[in-house]
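Comments concern the structure below.
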Amino acid sequence: MTMQIADSVSLSASDSQARAHAAAARNNLRTEPRAVRIVIITLALLFLTVFVVLPLVVVFAQAFSRGILAYFAALAEPEAMAAIKLTLIVAAISVGLNLVFGLVAAWAIAKFEFPGKTFLITLIDLPFSVSPVISGLVFVLLFGAQGYFGSWLREHDIQILFAVPGIALATTFVTFPFVARALIPLMQEQGTQEEEAAISLGASGLQTFFRVTMPNIKWGVLYGVLLCNARAMGEFGAVSVVSGHIRGETNTMPLLVEILYNEYQFVAAFAIASLLAMLALITLIAKTILERHLDEGQDASDH
C-alpha cells in the first residue's frame, strides 16, 4: 500500500513537472518583444490579404459586376455548360483512376518490402518535378499524328488527342501522386500488426484490406481524393497542350476562362473563375476538417 502511494505521488510529481516544462516552453515562444510579434503578425496578415483574400474578392466582384442575372446567364451559356460538364467528367475519371492506383501503391509500399520500392516512390513523385506542359507534350509525342502510336491509332480510328481520352490521360498523370502521397505515411505509421493478426485468424487478403486497412485509412483516402479532385478541376498546362481548344468540345473550365478573358468577355470569364474559386474555398474547408480527423485518429492510435 505504501509503495502504491509512493508511486502515485511520484506520478503526480512527474505530471506537474511535465506541465511546468510545457508552460515554460510556451513562455519561451513569447520571449520576442511585443513590437516584433506585432510586425511579424502584420506582415503575415498583409501577405495573406494581398495574395489570397484580395484576388478572391476581385474575382467575385468582377463576376457579379453586372448583376446576378448576368452572372447566371454567363454560366448558362452552352459553351460554359459544356466546359463545366467536361471538367466534371475528366475529374471523375482521373480521381477514380488515381484512387485505385493510390490505394494499391500505398498498400504495397507501406506493407511490403520488394525490389524496386524506392524506384516506385520516385515514379510517384515524378509529376511533382515535371512541368505540366512537358507532360502534355509527352502525350502528343506518344499519341499525336506523328507520334509513336499515331499511325496505329489512325488506322483503328481511335482519337486520343483533342478529345476526352487525351484530356483525362494528361489530368491523371498530373494528379496521380496526391492519393498515394496522402496514404503512404499514414499506412507506414500504422504498421502491419493489425493486418498480420487478421491474417493469422484466417482472413483473406481482400477481407483484411476492406475490414482492417480501409477503416483505418478512410480519412486519409478522403483527404487524397479531395486534393486530387481540386487539382484535376484546376489543371491548365497539360490539358491546354492535348485539348486542341475546340470550343464547346475540349475546353475545360480553366481553358474557357483564358479564352473568354482574351475575348474581353470579362463577366463570363470571371463567372467561370468564381466557380473554381468556390471549389478552392470548399476544398480548404474540407481539408481542414479532414486534417482534424486525421490528427484525432493519430492521437487515438498513439494512446
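Throughout, residue positions are numbered sequentially from 1 according to the sequence presented.
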Close side-chain approach of [X] to [Y], heavy-atom, < 4.5 Å:
X      : Y      : answer
Gln146 : Leu141 : no
Leu120 : Phe114 : yes
Asn251 : Ile246 : no
Leu169 : Phe143 : yes

Tyr264 and Phe266 aromatic ring geometry - parallel, tilted or perpendicular at 30°/60° bounds: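 The rings of Phe266 and Tyr264 stand perpendicular, inter-plane angle above 60°.
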Using 0.5 Å steps for rounding, measure from the [atom1] atom of [X] to the [atom2] atom of [Y].
X      : Y      : atom1 : atom2 : answer
Leu75  : Ile84  : CG    : CD1   : 5.5 Å
Phe178 : Tyr223 : CZ    : OH    : 10.0 Å
Leu284 : Ile289 : CG    : CD1   : 10.0 Å

Ser65 vs Tyr71, side-chain hydrogen bond (donor to acceptor under 3.5 Å, both in side chains): CA-CA, chis, key distance, verdict: CA-CA 8 Å; Ser65 61; Tyr71 175 82; over 6 Å; no
Non-hydrogen atoms of Ala83 and Leu256 that approach each other most closely: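 Scanning both residues, the minimum pair turns out to be CB-CD2, 3.6 Å.
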side-chain hydrogen bond (donor to acceptor under 3.5 Å, both in side chains) evaluation trace for Ser240 with His245: CA-CA 7 Å; Ser240 178; His245 297 274; 3.1 Å; yes
Worked check of side-chain hydrogen bond (donor to acceptor under 3.5 Å, both in side chains) between Glu195 and Thr213: CA-CA 7 Å; Glu195 284 84 357; Thr213 305; 2.8 Å; yes
ILVMFWY cluster, Leu226 and Leu276 together (side-chain gap under 4.5 Å):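 They do not share one cluster, since no chain of ILVMFWY contacts under 4.5 Å joins Leu226 to Leu276.
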Joint cluster assignment, Leu281 & Leu222, ILVMFWY side-chain distance < 4.5 Å: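 Different clusters.
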Check ion pair Glu263-Arg247 (N to O, under 4.0 angstrom):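 Salt bridge between Glu263 and Arg247, a charged N being under 4.0 Å from a carboxylate O: yes.
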Name of the residue among Ile93, Val90, Ile160 meeting side chain to side chain contact (heavy atoms under 4.5 Å, CB included) with Ile167: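 Of the listed residues Ile93, Val90, Ile160, the side chain to side chain contact (heavy atoms under 4.5 Å, CB included) partner of Ile167 is Val90.
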